[in-house]
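First up is the structure itself, then whatever we jot down about it.
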Amino acid sequence: MPPTLPTHAAFGSEVPLAEPSWYQNLNSPYYNASHVAWRAKLRDFFEREVEPIVDATMPPTLPTHAAFGSEVPLAEPSWYQNLNSPYYNASHVAWRAKLRDFFEREVEPIVDDWDMKAVQNNHAACAEYIKRMYKKSAEYGILPACVGKPWPRAFTDAAEPEGYDYFHELINVDEGTRSGGGIAWAMMGGLGIGLPPVLNFGLPQNRALEERCVKECLAGEKIICLCITEPGAGSDVSNLACTARDAGDHYVVDGNKKWITNGIYADYFTVAVRTGPPGSAHKGLSMLLLEKSMPGITCSKIECMGVWPSGTTYIEFDGVKVPKENVVGVVGGGFKQVMYNFNHERWLLAAQASRMARTCVEESLSFARTRRTFGKFLIEHQAIQHKIGEMARQCEGLTAWVENITFQMNTMSKEEQNRKLGGHIALLKLSSSRVAEFCASNAMQVLGGAGYTRGGKGVKVERVYREVKAYAIPGGSEEIMLNLAAGQFGFVTRSAPDPRDKAIKALQEELKRIKSKM
């Protein structure tokens with residue numbers, strides 16, 4: 001006869017078959033009293049300590065928003081495509097709809113003509129376009145979303161989107177770049193980098209001018225530009241040469257600035273100058289707010305490869321008298337003020353490049369679906385499918401990276417952003433310009449002659465193709481971004497000894513010994 005098997009008292013749920021068989025008062029050759037005690041201990045722990053908090057630790061249901069925008073696959077960011085996202089809510093959806101309406105209604109009908117007028121140097125027509133669009137943008141309440149977070153409610157009556165954050169600004173940048181980089185720079189470039197120093201550091205000695213400048217710019221009544229880059233100093237900010245000589249109750253500004261966005265249209269100039277002596281490097285820099293009405297300011301448009309509507313400008317300052325109360329922040333604080341907004345500027349450029357790359361995907365796929373070659377549609381050729389698929393793959397990855405950095409910015413103070421995100425944003429900007437360049441080049445191949453032609457079906461691709469270098473160089477070149485990231489992340493922990501150092505030290509000691517005997 002088989003041995004008598006142990007039977008344990010029923011345990012746990014009374015629902016039939018809800019528990020293993022030996023919990024159900026059935027025989028088992030496997031379990032003894034020790035197992036029974038251990039089971040009771042574990043059930044007590046999980047019911048007492050874990051189950052009460054399970055629901056609280058479950059991820060929330062992510063909002064899914066209705067599909068929006070283009071019906072061309074991958075032409076829009078993923079949250080436009082009816083996919084889940086943890087970043088966007090109803091406020092962002094409403095803001096997106098408002099911006100799409102504005103840019104489709106007011107901007108897109110004039111983009112081609114504005115672009116052409118700019119390259120033809122019809123400054124009067126371009127000035128009319130930019131001033132009209134600034135005014136329209138203000139009427140739509142868009143301009144305050146160009147200068148970062150928080151919403152500058154003290155200086156504008158424009159309605160703040162509910163829960164305004166960096167994702168609202170990202171939507172503004174993204175939607176504004178669908179028409180091209182030059183249009184984005186024209187309508188938010190100068191404002192987005194020229195006004196933040198005034199907003200963030202103020203004019204402590206002239207609050208009236210500070211308030212007037214900010215209010216007029218956010219109302220679309222005046223245009224501002226940031227003047228940092230010079231013919232001999234770009235990313236090397238500490239070696240700026242434009243001087244502001246102390247002349248008692250005012251400074252006299254002499255020097256020049258180059259490649260200044262919106263400069264030819266500007267009413268205000270936020271200018272980095274050297275108030276310290278020669279050789280004072282970054283410690284001798286200050287920032288001044290100049291007005292167009294000041295004698296001695298000459299602006300000339302620069303003929304550039306792309307972003308024509310933005311009005312890239314060469315500015316000469318010849319003995320410009322600037323009241324000392326026009327100092328932004330404090331004297332000697334210019335380097336900090338320049339650096340303070342660099343991360344935000346580079347994030348803006350990355351977001352713009354991301355949309356430009358996606359425009360190339362949309363235009364390529366739309367064209368390939370209608371163009372016939374060798375008896376079939378161009379998109380039926382596997383080589384074209386792979387080309388567009390590779391473009392889209394890179395766009396999706398770039399968008400995800402932009403959104404991740406935007407989330408980080410949302411959850412950090414400005415100081416923490418500058419402390420932690422410099423290297424990440426540098427790599428993001430580098431990647432964005434390379435993705436945009438890759439997509440522009442491949443889109444040009446897909447469209448062929450249509451993409452090479454200014455106007456017609458390839459107008460957007462042709463525009464993006466000549467604008468991508470404006471994202472690889474300004475705001476810190478790709479090479480500078482790699483150097484910055486390497487430094488920020490501390491790639492080099494120690495330097496290998498240079499054998500020449502020992503020889504130099506010996507020579508210095510010998511020279512010192514000789515001098516002591518003279």
Side-chain angles (χ1 to χ4, degrees), residues 69-76 103-104 106-123 125-126 129-130 133 176-187 301-312 352-381 383-392 394-395 433-473:
S70 174
E71 294 182 357
V72 176
L74 302 169
E76 306 279 9
F103 284 104
E104 287 189 341
E106 304 290 348
V107 180
E108 288 189 14
I110 65 173
V111 167
D112 293 345
D113 187 59
W114 191 350
D115 218 23
M116 193 57 65
K117 291 291 194 299
V119 76
Q120 292 171 348
N121 287 322
N122 188 335
H123 301 318
C126 290
Y129 272 139
I130 194 169
M133 287 301 101
T177 313
R178 289 180 67 246
S179 300
I183 298 301
W185 284 24
M187 296 183 60
K301 185 190 171 188
I302 301 175
E303 300 298 333
C304 292
M305 180 179 179
V307 292
W308 298 330
S310 68
T312 308
Q352 290 175 356
S354 178
R355 171 53 85 168
M356 291 168 67
R358 202 172 281 278
T359 294
C360 291
V361 173
E362 179 179 14
E363 295 301 304
S364 296
L365 188 48
S366 296
F367 179 84
R369 283 174 161 182
T370 57
R371 169 74 166 166
R372 287 180 178 272
T373 62
F374 304 103
K376 60 174 66 175
F377 290 112
L378 184 61
I379 195 58
E380 294 182 77
H381 296 284
I384 299 301
Q385 295 172 19
H386 288 183
K387 194 178 290 289
I388 296 174
E390 179 63 20
M391 293 160 61
Q394 295 192 31
C395 285
S433 60
R434 290 190 175 174
V435 169
E437 192 165 0
F438 175 86
C439 290
S441 178
N442 280 273
M444 184 70 73
Q445 292 302 118
V446 172
L447 271 73
Y452 189 71
T453 304
R454 189 172 298 165
K457 291 183 177 181
V459 62
K460 289 186 179 181
V461 169
E462 185 274 334
R463 182 179 298 130
V464 171
Y465 189 85
R466 58 179 158 79
E467 290 182 338
V468 290
K469 280 301 179 184
Y471 290 82
I473 300 171

Task: Atom OH of Y465 with >12 non-hydrogen neighbours under 6.0 angstrom - done: no
Open item on the list: Restricting to non-hydrogen atoms, name the atom on V72 and the atom on S366 that form the minimum distance, rounded to 0.1 Å.
Closed with: CG2-OG, 3.3 Å
Task: Candidate pair N442 and I388, rule side chain to side chain contact (heavy atoms under 4.5 Å, CB included), full reasoning - done: CA-CA 8 Å; N442 280 273; I388 296 174; over 6 Å; no
Open item on the list: If we ignore hydrogens and angles and just use 3.5 Å, is the side chain of Q385 paired with the main-chain N or O of I379 as donor and acceptor?
Closed with: yes
Task: Test item: side-chain donor near acceptor, E467 and W308, under 3.5 Å - done: no
- [ ] Any chance you could lay out the salt bridge (Lys or Arg N to Asp or Glu O under 4.0 Å) test for R355 and E76, step after step, and finish with the verdict?
- [x] CA-CA 8 Å; R355 171 53 85 168; E76 306 279 9; 2.9 Å; yes
Task: Considering all heavy atoms, the nearest A470-V307 contact - done: CB-CG1, 4.0 Å
Task: Salt-bridge contact R466-E462 (side-chain N to carboxylate O under 4.0 Å) - done: yes
Task: Heavy-atom side-chain contact between E303 and N121 under 4.5 Å - done: yes
Open item on the list: To the closest 0.5 Å, what do you measure between CD (E71) and CD (E362)?
Closed with: 11.0 Å
TODO: Using side-chain contact (heavy atoms from CB on, under 4.5 Å) as the criterion, list what pairs up with P109, not counting sequence neighbours.
DONE: none
Task: Student check: side-chain heavy atoms of L447 and S364 closer than 4.5 Å - done: yes
TODO: Any chance you could measure F367, atom CZ, to E363, atom CD, to the nearest 0.5 Å?
DONE: 10.5 Å
- [ ] Look up atom CZ in R369 and atom CZ in F377, then write down how far apart they are to the nearest 0.5 Å.
- [x] 11.0 Å
Task: salt_bridge(E108, R178) N-O dist < 4.0 Å - done: yes
- [ ] Please test W114 against I130 for side chain to side chain contact (heavy atoms under 4.5 Å, CB included), starting from the C-alpha separation and ending with a verdict.
- [x] CA-CA 9 Å; W114 191 350; I130 194 169; 3.8 Å; yes
Open item on the list: For a quick test of reading the model, state the closest non-hydrogen atom pair linking A440 to V461 and the distance between them.
Closed with: O-CG1, 4.4 Å
Task: For the student: nearest non-hydrogen atoms of A353 and A436, plus distance - done: O-CB, 3.8 Å
TODO: In sequence, state the C-alpha distance, the side-chain angles, and the governing distance for S354 and C395, and then conclude on side chain to side chain contact (heavy atoms under 4.5 Å, CB included).
DONE: CA-CA 7 Å; S354 178; C395 285; over 6 Å; no
Open item on the list: How long is the straight-line distance from CG of L365 back to SG of C360, given to the nearest 0.5 Å?
Closed with: 13.0 Å
TODO: Check A186 against P309 and note the closest heavy-atom contact, atom names and distance.
DONE: CB-O, 3.5 Å
- [ ] Step through the shown structure and confirm whether more than 12 heavy atoms of other residues, nucleotides or ligands are within 6.0 Å of NZ on K457.
- [x] no
Task: OG1-CE distance between T177 and M187, expressed to the nearest 0.5 angstrom - done: 10.5 Å
Task: Carboxylate-amine/guanidinium contact D115 R454, below 4.0 Å - done: no
Task: Check: K387 main-chain N/O paired with E390 side-chain donor or acceptor under 3.5 Å - done: no
Task: Student check: side-chain heavy atoms of Y471 and E437 closer than 4.5 Å - done: no
TODO: Hey, could you give me the CZ/CD distance between R372 and E380, rounded to the nearest 0.5 Å?
DONE: 8.0 Å
